[in-house]
Amino acid sequence: MSGAPPDALERAVEAALFAADEPMTAEDLSRHLGGAAVRPALAALAEHYAGRGVELVERGGRWLFQTAPDLAHLLRRDREDVRRLSRAATEALAIVAYHEPVSRAEIEAIRGVQTAKGTLDVLLEAGWIRVAGRREVPGRPTIYATTPAFLTHFGLQTRRDLPGIDELRAAGLLDPVDAAFAALTGGSDEPPDASPQKDDELS
Amino acid sequence: MSGAPPDALERAVEAALFAADEPMTAEDLSRHLGGAAVRPALAALAEHYAGRGVELVERGGRWLFQTAPDLAHLLRRDREDVRRLSRAATEALAIVAYHEPVSRAEIEAIRGVQTAKGTLDVLLEAGWIRVAGRREVPGRPTIYATTPAFLTHFGLQTRRDLPGIDELRAAGLLDPVDAAFAALTGGSDEPPDASPQKDDELS
Amino acid sequence: MTETAATLPALDESWDGLATRPGGDEALYLELDGWEGPLDLLLDLARRQKVDLLQLSILDLVDQYLVYINRAEALRLELAADYLVMAAWLAYLKSLLLLPRDPEMQPSPEELALKLQLRLQRLAAMREAAGRLMARDRLGRDVFARGAPEGLRVDRKALWQCDLFALMQAYGQVRARTRPVVHMVRERPVVTLEAALARVAAMLGTAIEWTDLRAFLPRAAEGEVPVDPRLRRSALASGFVAALELAKQGRAELMQREVFGPLLLRAARG
């Protein structure tokens, strides 16, 4: 935490972000502050607020002040403004986040069950996913991706911060079944070799 | 401003006030934070924030964060869009300039078409006309006149600098649009007739 | 790699899952609605084997699934069709795995089983990811944005533009537009119907030869100065109407030998 008094630009950025009712990108801020180069000020402020009760965080390229996570128990009390998601919606959201962009059919393929129309609507309405165009395959299905509001809500700076995403990717768990199957079986059409352990597994 | 890292209570007070929907008294805060003595923390925070872009202030016994007063202009920024005055507004302005003071009904009578309320509002907003009282006739209609800003904008010393009807006619500005057009393209066989017009508008 | 040493829980054991009520009465409490489809149920069953999903005993899993479905049917629970489809497919898979291997079969039963495992693995991965996502410090639940932000407002102010010439032009046009307008219709040389009727009737007389209508019209040679082409057009029109009128009155006959040909006229024969 910096003890130096803030310079004029730092003060302006601090005031603007405090007053803003939405997270702001550096470009938004710069435009609002007459074209100033705000990134150094953002960095200085983030450092200044680190460890305080309020922190300056970046979420999907947008900056906001929010209370420190370790104080959640003090602030949570009567607040219940967080939407409770059904299991279907929770899983669909995770699938969109980890696989984006995905079509509804791809979500259903992973979950092994049809996705009710309302499930994706809930996520769209919450502003956590958005329609990201269509896949250029027969039927041109709509595809979905997450939004900056998703990152903000779940406290992610970028999608790379999704819990465990690197491990999942490394383990091939974000690949479709067929790709994983091909990888496991050497990519050939031959049946998987009848190794003893494989037989054991299937015994 | 203090450079020392905030203690736990200070952080809690900071977060609670930041997240609060409305200003809180020390008692509110104390109750909220399990009965802690919050006043020293409030004092420390107020000192920490002094001179920053955001300040902690007490108003009628209630504490709140607010944007530093000298930065209030950041919350409300004016952006100037250059816009061309509409045809209707230009005509209305010209009529006010030549005939002032005039009521809206008189403007309409001269223009020969209805004049939307918004048209005069634009001229009032631009600061080129002002309400100049009411005409002492039934209905007491509001009458309008031009302002000094009007003269400045149009580079006029006084309204007497406005070209008279004869000058307008000499400049071809009194020709009906289609006749003027025909004259330009050489297709007209009739000269625009010089009907007698009152020349006493600039009384 | 270890052997599949998973000790399978007995089916009537109360699980930490959706299958039985917590602390359950083992009396076959089934809540199939609690599963999001057959794959979900399979995953739930697979997890109880407490092994990596790729080392799972597919045969055990199949057996457990089929037992569940049989119980549900015994209880006459309404089962969604996809549970039954999955049951049939798993029974088929089981038989393939147990029967002597047919080397011709494509894909082999082991491949089918592996694909099922891969699907379960992917669903499990996403389910776990969803759990971790939901457990993050969420804005509005664990961390909070400013409670009462003042908001940033950008007031758009119009800077109106107009110049003196535009003003003059506008005024000129208002005056021009609203000036009283007088329409002057200039008198034109015309041959009225009455004149044409009198003329054609007089000239027709008792002519018995077909005569071109144009012969009845005023001509320069007669000193009537029909030089103006507009007057000639008027005379032709009036003459034509006059001819029609005479024919209607039975005083003349009309004939035209061809389309657009000359209109011929003669006196009606008694």
Side-chain angles (χ1 to χ4, degrees), chain B residues 15 17-23 64-67 72 74-85 87 89-95 97-98 109-113 122-123 125-128 153-156 162-163 165 167-169 171-177 179-180 190 192-193 195 197, chain C residues 132-190 225-234 237:
Chain B
L17 280 176
F18 172 83
D21 295 334
E22 42 189 31
L64 73 151
F65 280 114
Q66 68 174 26
T67 311
L74 291 178
L75 306 187
R76 257 199 181 194
R77 213 170 42 97
D78 287 343
R79 210 177 78 190
E80 294 189 327
D81 297 334
V82 174
R83 293 175 61 183
R84 265 202 93 66
L85 206 57
R87 170 85 183 263
T90 308
E91 289 186 7
L93 178 61
I95 291 165
Y98 274 90
I110 296 170
R111 286 190 68 215
V113 286
V122 163
L123 298 175
E125 184 204 314
W128 290 338
H153 182 91
F154 290 91
L156 301 166
L162 283 170
I165 286 296
E167 289 165 87
L168 292 180
R169 183 174 300 127
L173 290 174
L174 276 186
D175 300 346
V177 186
E190 292 176 76
D193 82 343
S195 69
Q197 283 280 340
Chain C
R132 290 172 72 180
L133 197 56
M134 292 301 141
R136 287 187 63 83
D137 290 324
R138 292 166 61 184
L139 190 66
R141 187 187 71 174
D142 308 295
V143 296
F144 298 91
R146 182 126 180 251
E150 293 91 346
L152 291 179
R153 271 181 51 195
V154 177
D155 291 341
R156 288 174 174 244
K157 208 175 146 191
L159 201 62
W160 294 103
Q161 228 180 18
C162 185
D163 59 28
L164 190 59
F165 179 72
L167 196 68
M168 301 299 92
Q169 202 173 33
Y171 189 67
Q173 284 175 9
V174 167
R175 300 313 305 240
R177 189 172 68 221
T178 57
R179 178 174 50 178
V181 177
V182 178
H183 287 284
M184 304 284 287
V185 180
R186 242 184 256 154
E187 215 173 317
R188 282 200 197 151
V190 292
V225 287
V227 278
D228 186 340
R230 287 184 292 182
L231 177 61
R232 198 153 48 216
R233 259 201 317 276
S234 168

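First the proteins, then the strands, lettered A, B, ... as listed; each starts at 1.
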Can you see which heavy atom on F154(B) is nearest to which on C162(C), and at what distance?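 Looking at all heavy atoms of both residues, the closest pair is CE2-O, 3.5 Å.
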Closest non-hydrogen atoms of A94(B) and Y171(C), given as atom of the first, atom of the second and distance, are CB-CB, 3.7 Å
Using heavy-atom distances under 4.5 Å, tell me whether L123(B) contacts chain C through its side chain, its backbone, both, or neither.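 Neither part, no heavy atoms under 4.5 Å.
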Below 4.5 Å from any heavy atom of chain C, which atoms of E167(B) appear? Answer side chain, backbone, both or neither. neither
Spatial distance of atom [atom1] ([X]) from atom [atom2] ([Y]) [nearest 0.5 Å]:
X       : Y       : atom1 : atom2 : result
L156(B) : L164(C) : CG    : CG    : 5.5 Å
R146(C) : D21(B)  : CZ    : CG    : 11.5 Å
E91(B)  : Q169(C) : CD    : CD    : 10.5 Å
L162(B) : M168(C) : CG    : CE    : 5.0 Å

Is any side-chain heavy atom of W160(C) less than 4.5 Å from a side-chain heavy atom of H153(B)? no
Who wins among L74(B), V122(B), L17(B) for the most heavy-atom pairs under 4.5 Å with chain C? V122(B)
Less than 4.5 Å to any heavy atom of chain B: does that hold for the side chain of E150(C), its backbone, both, or neither? side chain
